[in-house]
Amino acid sequence: MYMLNLYRPSFGHLWQCCEHKDLWGCSRGLTRIPISTARCLGSRKIIAMSASVSNDSGISVASVAIQPPSHPTYDLRGIIKLALAEDSADFGDVTSLATIPSDMLVDAFFLAKEDGIVAGIALADMVFQEVDPSIRVEWSKKDGDYIRKGLQFGKVSGKAQSILVAERVALNFMQRMSGIATLTKAMADAASPACILETRKTAPGLRLVDKWAVLIGGGQNHRMGLFDMVLIKDNHISAAGGISNAIKSVDLYLQQRKLKMNVEVETRTLEEVHEVLRYATQNKTSLTRMMLDNMVVPLPSGDVDVSMLKEAVDIINGRFETEASGNVTLHTIHKIGQTGVTYISSGALTHSVKALDISLKIDTELALQVGRRTKRA
C-alpha cells in the first residue's frame with residue numbers, strides 16, 4: 001500500500017509511547033507510526049510520524065485535547081514566528097517598552113465575551129512559549145469545551161512586557177479557531193447522521209490551523225491539499241474529455257505508480273451518476289467517493305428541495321461513499337443530512353468565519369464593568 005508521508009505527528013500516540021510533554025519536539029527525530037482513523041474518515045489510511053522529544057519548551061500535551069491534522073511540509077512553529085514578526089517587526093512592542101518596567105510580573109486572564117466553543121488553547125500555549133519560555137499558562141477549559149460570555153477560563157503569569165507581545169497573536173489564533181469550531185459544532189450536530197467536512201477554502205498560510213479548528217468543533221477533515229487525495233472536479237472532467245475518461249486516467253496513473261489513495265469524482269447530474277456507476281461496473285477502479293454537487297436546489301420560500309440528492313444517493317445504493325456539496329447552510333444542513341448522504345462539505349466553515357470574541361485582561365474587574373456596559377460580558 002502507498003504510504004503518504006505526513007510531517008505532523010499524532011500527539012496522542014506520542015503521549016502514549018514517549019510519555020513526554022514537549023510539543024516542539026514533534027518536529028525532530030521523526031519515525032513512522034500509523035494513526036487510527038475515526039468513523040467519519042471511512043477507509044482512509046495514512047501514516048504519520050512520531051518524534052523523539054526534548055524538554056526545552058515546557059508545553060504540556062495535557063492542553064492538546066484534540067491533536068492537529070497531519071501535513072508533510074507545514075511548519076506550525078514557523079507560522080507562529082511569522083505572526084509574531086508581523087506584529088513586532090525588529091522594534092518590539094514600543095508602547096510596552098515605554099510604559100512597563102522590564103521586570104514587572106503580572107497575571108492576566110482570558111475572558112469570554114460571547115458564548116461558543118473554545119479552540120486554539122494549545123496553539124496559544126505555543127505562542128506564549130515562543131515569546132518567553134518563563135511564562136506560565138493555566139486553563140480551566142480545554143479545546144472543544146463550551147464557554148459562556150463573562151467566563152474567565154485561562155490565566156497567564158509572567159513578565160508583563162512578554163505577555164503583551166504575545167497577547168494579540170494568541171488571541172487572533174484563538175478567536176478565528178473558536179469561530180470555526182463554534183460553527184462546525186452547530187453544523188455537525190444538525191448534519192447527523194452525516195459527517196460535516198470543510199474544504200480547501202481556508203485562509204492562505206492557515207490551512208492546518210483552520211482544519212484543526214474544524215476537528216475541535218466536531219467535524220472531520222476533507223483532503224488537506226492537492227497531494228493526499230485525488231478529487232476529479234468539473235475542470236478536470238472538461239479537460240479530460242468526459243467523466244469516464246477522467247476516472248480512467250486516474251486509475252491508470254495510480255496503477256502505473258503503484259499508489260493507493262482515496263479517489264473522489266464530482267457529479268453534477270443524475271446522468272453523470274449513472275455514467276460513473278457504469279464505468280465502475282465495467283472496470284476495476286480506485287474510486288472511493290462520489291460528490292453530488294449542487295443537487296440541493298434552493299426554493300423561493302427559503303427552503304431547499306433535496307429530492308435530486310436523495311435520488312442520487314438511492315441510485316448509488318452504498319456502492320461508494322457520497323458527499324453533498326452546494327447550498328449547505330446551518331438552515332439547510334439538517335434536511336441534507338437526512339437523505340442518507342455520507343458526508344456534507346461546506347466551504348463556509350472556514351471562508352466565512354465569524355471570530356468568537358475573547359479578550360486577555362490584567363484588570364478583569366474593570367474589563368467586566370465595561371463589558372456589561374457594552375453588552376459584551
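To the nearest 0.5 Å, the span separating CG on Leu309 from OG1 on Thr322 amounts to 7.5 Å. Note: Asn245 CG to Lys248 NZ = 7.0 Å, rounded to the nearest 0.5 Å. Put simply, NZ on Lys258 and CD on Gln256 are 9.5 Å apart, with the number rounded to the nearest 0.5 Å. Taking CG from Asp234 and CZ from Arg268, the interatomic distance works out to 5.0 Å, rounded to the nearest 0.5 Å.
Contact check on Lys335 versus Asp303 returns a salt bridge, with a Lys/Arg side-chain nitrogen under 4.0 Å from an Asp/Glu carboxylate oxygen. Taking the charged nitrogens against the carboxylate oxygens, Lys142 and Asp145 do have a contact shorter than 4.0 Å, which makes a salt bridge. No salt bridge links Lys149 with Asp357; every basic N to acidic carboxylate O contact stays at or beyond 4.0 Å. Ionic pairing of Lys354 and Glu114 is present here: one or more N-O contacts between side-chain nitrogen and carboxylate oxygen are shorter than 4.0 angstrom.
Relative ring orientation between Phe128 and Phe110 is described as perpendicular, the plane-to-plane angle rising above 60° on a 0-90° scale split at 30° and 60°.
Remark: the backbone N or O of Asp189 is not paired with any side-chain donor or acceptor of Ser192 at under 3.5 angstrom. Listed for the Asp228 side chain is a donor-acceptor partner under 3.5 Å among the backbone atoms of Met224.
Minimum heavy-atom separation, Ser96 to Leu164: OG-CD1, 3.5 Å. Across all their heavy atoms, Asp107 and Ser157 have their closest contact at OD1-OG, 2.8 Å. For the residue pair Ile66 and Trp212, the shortest heavy atom distance occurs at O-NE1, 2.7 Å. The nearest pair of heavy atoms linking Leu254 to Ser286 is CD1-OG, 3.5 Å. Closest of all the heavy-atom pairs between Gly205 and Tyr74 is O-OH, 2.7 Å. The shortest non-hydrogen separation linking Gly326 to Asn294 is CA-OD1, 3.6 Å.
A cation-pi arrangement is present between Arg289 and Tyr343 under the rule of less than 6.0 angstrom and at most 45 degrees off the ring axis.
Aromatic pair His274/Tyr279: ring centres not closer than 6.0 Å.
With 3.5 Å as the limit, one finds a donor-acceptor pair spanning the side chains of Asn172 and Arg168. In the model, His236 has no side-chain atom that pairs as donor or acceptor with a side-chain atom of Glu266 under 3.5 Å. Counted by atom type alone, Asp132 and Ser162 present one or more donor-acceptor pairs between their side chains at under 3.5 Å. Side chains of Gln161 and Asp93: no donor on one and acceptor on the other come within 3.5 Å. The closest side-chain donor-acceptor pair between Thr281 and Arg319 falls under 3.5 angstrom. If you check the side chains of Glu323 and Ser345, you find a donor sitting under 3.5 Å from an acceptor.
Checked against Val214 for a side-chain contact (heavy atoms from CB on, under 4.5 Å), the options Ile196, Thr202, Ile180 give a single hit: Ile180.
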Checklist entry - Does the salt bridge (charged side-chain N to carboxylate O under 4.0 Å, His left out) test come out yes or no for Arg176 and Asp210, once each step is laid out? => result CA-CA 8 Å; Arg176 179 176 176 85; Asp210 283 359; 2.8 Å; yes
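Atom CD of Gln338 is surrounded by more than 12 heavy atoms from other residues, nucleotides or ligands within 6.0 Å.
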